[in-house]
Peer 1: 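Got a structure for you, questions after.
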Amino acid sequence: MQYPKNAIGAGGFVAARRTVPEFIPGNAWPKKSSAHNSTIDQPSAVIVGAGIAGIASAIRLAVKGYAVDVYEGNAYPGGKLSSFEINGYRFDAGPSLFTMPQLVDDLFELAGKKPSDYFNYQKLPETCRYFYEDGTRFVADAEPEALARTIEKYLGEPAENVLAHLKNSAVKFEVTEKLFLHRSLHKLGTYFNRDALKGYRNLHKLDAFRSMSAANASRFSDPRVVQLFNRYATYNGSDPYQTPATMNIIPHLEYNIGAFFPKGGMVSITNSLVKLAEDSGVSFHYDSPVERLLTDGKRISGVQVNGNRIKHDVVISNMDVVNTFRKLLPEARQPERVLRQPKSSSALIFYWGIKKRFPELGLHNIFFSQDYPTEFNHIFQQKTIGDDPTVYVNITAKYEPGDAPTNGENWFVMVNAPANDGQDWDALIAKTRQNILTKLSRQLGQNIENLIEAEDTLDPRLIESRTSSSQGALYGNSSNNRFAAFLRHANFSRQFENLYFVGGSVHPGGGVPLCLLSAKIATEMVD
Ligand code: FAD
């Protein structure tokens, strides 16, 4: 199967699709109201960036009747959620875990389409295969009851503790979902309605005054179980020893709602939504970085792309909010308190084409470090990667055999890394590659280096340069303190009445599901 080499993980890029708008050079406005063939009465919107939140916003605005143009700096859509191929091995460049698929389906339904005509996925029977340094290994079942029994069998933790934890996670989700996830935190109306009042009565259940790890250590007797549930802090790039226990909401997504695999890999989320957007009339313009947002008093009058000024009624920025202000609006007031918040973790990824099959591995595999507190101290305090990082291996060929040659597997090998602060990444990459190879070779009883026949690397510098994410952070600001949710930028601008923000750097946060929700919140505010 041939895939376009179109991802943040790939060295060279080839345009996946390309539409060239008619720009009027110089300082004059285009004769038409926008680059899009909008009618005189039709309002127009421009989206800066074709990340997943930008694409979702485009669909939502097109359904609302807007003529929508999406300007994307890269030659391909999806930003972090893209894909590439090396020597017959296909890789999803970034996200590998798919949760809350209903949020994708919602977009097809909103546009009056049948989701399965565009996008298909299946529920996973197992969530992850765990490997500990003491030799313990087991497969985590997707169903809570089965998971609890497995953990009891392999780690000796009473099953009822695991079930109580997952129940507690569900309660946290219930309290936060309507209050924090579906609404702007920056509008008064959010705080004065029936859901909010119900939420206030249950705020204590969020457990915001101790860390995730402290809560888990008080629930579980076996440190390996604490480590397993502490891992969920990394799902939004935080440190389990700092992030509030509120984040114990995350396992609910994976166990109570489920983990899924999209047919064709994660990139099919991007590709199917781009198709839906195009079918809904949206125009995508690739290789078209927006250079400036043009201001006119309290409004954004348009965008500047390749030196051309293009007029639009509404602007939605899917560019990281820090860089939207610093690079596109350098003369506007900068909301410094929000822009200077510490960043979430980033990642170092090795894409390895492995010329062997490993039946003991599944789609998601975790090889834990021996000392979790030290690992996070390295990332968040020392801003480096220690010698024994937890290693995550994702192999989509387990579900899509065409993603690797016969008898081969496409390994996406990731360790958590600090955000880019100018570290000596070349030295860190070389050292970490060796440490990972040593660890995996020991755990799997094979010399892994000898099996690598294709390779590429992604590091925080490249994530930053290829997606404009501030410091290459995967999830915008970190969630390492209990006020973090309130210190993310709002989905709208207080300075410019027609400017909105979506994506992982703004409310409600990073990760594919929350990015999709940011598009819903922002576009519902667009009148
Ligand atoms: P981004 O993906 O950040 O894309 C922004 C887009 O805007 C880019 O295409 C960029 O080129 C474009 N752009 C920026 N500035 C401009 C400009 N001035 N003009 C034109 N275009 C511009 N999430 C999960 O849910 N599950 C996971 O398992 C998971 N794992 C991850 C692993 C990795 C390695 C990475 C990198 C991320 C992971 N995430 C995961 C996080 C998830 O990928 C992101 O939160 C999400 O994809 C971000 O989407 P976004 O809409 O913010 O846009």
Side-chain angles (χ1 to χ4, degrees), residues 7-11 13 49 51 73-74 78-82 84 93-96 233-239 242-243 289 317-328 330 334 336-351 375-387 389-392 412-436 456-481 484 487-489 503-506 509-511 515:
I8 61 164
F13 304 127
N74 292 324
K80 300 181 180 80
L81 190 45
S82 50
F84 68 103
S96 55
T234 66
Y235 282 32
N236 66 4
S238 346
D239 173 352
Q242 295 185 60
T243 197
S317 179
N318 182 206
M319 186 186 197
D320 187 300
V321 68
V322 174
N323 287 324
T324 303
F325 276 98
R326 303 280 193 236
K327 295 186 176 166
L328 305 190
Q334 308 282 303
E336 291 296 344
R337 198 161 71 109
V338 171
L339 303 188
R340 285 174 190 253
Q341 288 302 308
K343 294 292 149 208
S344 79
S345 57
S346 185
L348 177 56
I349 297 119
F350 299 94
Y351 307 94
E375 180 176 352
F376 284 93
N377 180 283
H378 276 122
I379 297 170
F380 286 98
Q381 268 76 45
Q382 301 183 41
K383 302 195 185 305
T384 185
I385 303 172
D387 287 341
T390 294
V391 180
Y392 167 68
F412 165 108
V413 180
M414 178 174 120
V415 298
N416 294 308
N420 182 22
D421 263 319
Q423 295 90 333
D424 180 354
W425 286 109
D426 293 337
L428 265 180
I429 290 167
K431 179 190 85 158
T432 305
R433 183 180 186 276
Q434 203 45 56
N435 287 331
I436 293 173
D456 208 341
T457 311
L458 183 67
D459 65 58
R461 290 169 306 188
L462 292 175
I463 296 172
E464 185 170 12
S465 62
R466 292 176 184 172
T467 66
S468 256
S469 297
S470 176
Q471 297 183 248
L474 302 195
Y475 304 96
N477 292 349
S478 88
S479 296
N480 284 341
N481 76 63
L487 291 168
R488 284 182 178 274
H489 200 282
S505 68
V506 296
C515 288

Peer 1: Got a second to check how far L428's CG is from Q423's CD, nearest 0.5 Å?
Peer 2: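 Here the interatomic distance stands at 7.0 Å.
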Peer 1: Using a strict 4.0 Å threshold on nitrogen-to-oxygen distance, state whether K431 and D424 make a salt bridge.
Peer 2: no
Peer 1: Could you tell me the separation between the CD1 atom of I463 and the CG atom of L458, rounded to the nearest 0.5 Å?
Peer 2: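 The CG atom of L458 is 4.0 Å from CD1 of I463, to the nearest 0.5 Å.
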Peer 1: Give the minimum heavy-atom separation between E464 and Q471, together with the two atoms involved.
Peer 2: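 Minimum heavy-atom separation between E464 and Q471: OE2-N, 3.3 Å.
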Peer 1: Is it true that the side chains of S469 and K80 contain a donor and an acceptor less than 3.5 Å apart?
Peer 2: yes
Peer 1: Rounded to the nearest 0.5 Å, what separates atom OG in S82 from atom CG in N74?
Peer 2: 8.0 Å
Peer 1: What is the minimum heavy-atom distance between D459 and R461, and which atoms define it?
Peer 2: OD1-N, 2.8 Å
Peer 1: So how far is it from L339 CG to Q334 CD, rounded to the nearest 0.5 Å?
Peer 2: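 Between L339 CG and Q334 CD, I get 6.0 Å after rounding to 0.5 Å.
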Peer 1: Among N477, N420, D421, whose side-chain hydrogen bond (donor to acceptor under 3.5 Å, both in side chains) with K343 holds?
Peer 2: N477
Peer 1: Please find the pair of heavy atoms, one from R488 and one from V338, that lie closest to each other, and give the distance.
Peer 2: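 Heavy atoms of R488 and V338 come nearest at C-CG1, 4.0 Å.
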Peer 1: Decide yes or no for Y392 and T234: does some side-chain heavy atom of the first lie under 4.5 Å from some side-chain heavy atom of the second?
Peer 2: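 A side-chain contact under 4.5 Å is absent here.
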Peer 1: With sequence neighbours excluded, what pairs up with Y475 under the side chain to side chain contact (heavy atoms under 4.5 Å, CB included) test?
Peer 2: S344
Peer 1: In a table with atom names and distances, give each donor-acceptor pair under 3.5 Å that connects a side chain of residues 376-385 to protein atoms at least two apart or in another chain.
Peer 2:
{"unit_1": "N377", "atom_1": "OD1", "unit_2": "Q382", "atom_2": "NE2", "d": "2.8"}
{"unit_1": "H378", "atom_1": "ND1", "unit_2": "T374", "atom_2": "O", "d": "3.1"}

Peer 1: Should D320 and T467 count as side-chain neighbours, where that means a heavy-atom distance under 4.5 Å?
Peer 2: no
Peer 1: Using the side-chain contact (heavy atoms from CB on, under 4.5 Å) rule, take F350 and I429 through it: C-alpha gap first, then chi angles, then the decisive distance, then the call.
Peer 2: CA-CA 9 Å; F350 299 94; I429 290 167; 3.8 Å; yes
Peer 1: Nearest 0.5 Å please: distance from the CG atom of N416 over to the CG atom of L474.
Peer 2: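 Rounded to the nearest 0.5 Å, the CG-CG separation comes to 7.5 Å.
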Peer 1: Could you tell me which residues satisfy side chain to side chain contact (heavy atoms under 4.5 Å, CB included) with T243, sequence neighbours excluded, listed by chain and number?
Peer 2: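 Scan of T243 (side chain to side chain contact (heavy atoms under 4.5 Å, CB included), adjacent residues dropped) gives M212, A233, S238, M247, S479, N480.
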Peer 1: Check S346 against P418 and note the closest heavy-atom contact, atom names and distance.
Peer 2: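 Heavy atoms only, the tightest pair is CB-O, 3.5 Å.
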Peer 1: Can you label the angle between the Y351 ring and the F412 ring as parallel, tilted or perpendicular, going by 30° and 60°?
Peer 2: perpendicular
Peer 1: Compare every heavy atom of G504 with every heavy atom of C515, then report the nearest pair and how far apart it is.
Peer 2: SG-N, 3.4 Å
